[in-house]
Amino acid sequence: MKKHIVRGLILTGAVALVLSGCGQKPLSNGGASQGSENSAVNSQATPTPTPSEAPQNAKKEPLTKQIKAYYGDDQAEKLVEKEVTINYNEDKDKYTASLWTLKKAPENSNLIPLAQALGFKSAVLKEGKLTLDMTMSNEGRLGAPGESMLLQAIQKTLFQFPEVESIDILVDGKAVDSLMGHMDLPHPIKR
């Protein structure tokens, strides 16, 4: 059991590093090319970009937000809340960015990420209802207590955004009765 947890933590850490590196690579390249083309004064004092530069400027400045993320304690018996910072390009991306934090525990902690088995395809908010489409690997399935904590972590993470009134969780685009076979999954989950 411990081998699977350690293996899962290592795999999750590697995936998180790759994803965080991929998400930041275009930003650093864009900033470097802008710095080499423009002087420092021009890059700071350009409130009105030309039409060809407007899409580039939007991608160069990611939005950041402090949120609460939830993990299992070192015994996987209760949820632990931690403040984390998310980065995202558009307001609509903050939901998936928030969920990805559940896949990796904060550094220097004994917390257990509950969402290791999940991949988040999309999260679309329409009229207060957030439709979350995800994938799930068989290796990271949890028992009944773990599934219950995972559902609580997802709900607490997403319901901290006041515009989210309900969550409809889909697995590979389909509504399922249970996420991992232990807990009923209402459609939608209401605040």
For the residue pair L114 and A153, what are the closest heavy atoms and their distance?
-> CD1-CB, 4.4 Å
Rounding to 0.5 Å, atoms CD1 (I86) and CD (Q66) come to a distance of 9.5 Å
Shortest non-hydrogen separation from E147 to S178 and the atoms involved = OE2-OG, 3.2 Å
Cut-off 3.5 Å, side chains only: do E163 and Y95 have a donor facing an acceptor?
-> yes
More than 12 heavy atoms of other residues, nucleotides or ligands under 6.0 Å from NZ of K121: is that the case?
-> yes
Value for CG (L158) from NZ (K94), rounded to nearest 0.5 Å, stands at 11.0 Å
Note, N89 side chain near P62 side chain (heavy atom, < 4.5 Å) = yes
To the nearest 0.5 Å, tell me how far L185 CG sits from I169 CD1.
-> 5.0 Å
Taking the side chain from H187 and the backbone from D177, do they hold a donor-acceptor pair closer than 3.5 Å?
-> no
Please answer: with hydrophobic residues joined when any side-chain heavy atoms are less than 4.5 Å apart, are F159 and Y71 in the same cluster?
-> yes
What is the minimum heavy-atom distance between A115 and F120, and which atoms define it?
-> CB-CZ, 4.3 Å
Starting at CG of D172, measure out to CE of M136 and round the result to the nearest 0.5 Å.
-> 8.5 Å
Give a yes or no answer on whether the side chain of D133 reaches the backbone of G173 with a donor-acceptor pair at less than 3.5 Å.
-> yes
Value for CD (E81) from OG1 (T157), rounded to nearest 0.5 Å, stands at 9.0 Å
L150 side chain reached by L118 side chain, heavy atoms, under 4.5 Å | yes
Closest heavy-atom contact between P106 and S109?
-> O-OG, 2.7 Å
Is V124 reachable from L170 through a run of I, L, V, M, F, W or Y residues, each pair having side-chain heavy atoms under 4.5 Å apart?
-> no
So do the side chains of K92 and L125 get within less than 4.5 Å of each other, counting heavy atoms only?
-> no
Looking at L79 and M149, what are the two nearest heavy atoms and their distance?
-> CD2-O, 3.7 Å
Is I154 close to L99 at the side-chain level, that is, under 4.5 Å between some pair of heavy atoms?
-> yes
Contact summary for S122 and T96, nearest pair of heavy atoms | C-CG2, 4.0 Å
Pair Q160-S98, side-chain donor/acceptor within less than 3.5 Å = no
Non-hydrogen side-chain atoms of E165 and K129 separated by less than 4.5 Å = no
So how far is it from D73 CG to I112 CD1, rounded to the nearest 0.5 Å?
-> 6.5 Å
Residue pair L63 / D93, side-chain heavy-atom distance below 4.5 Å = no
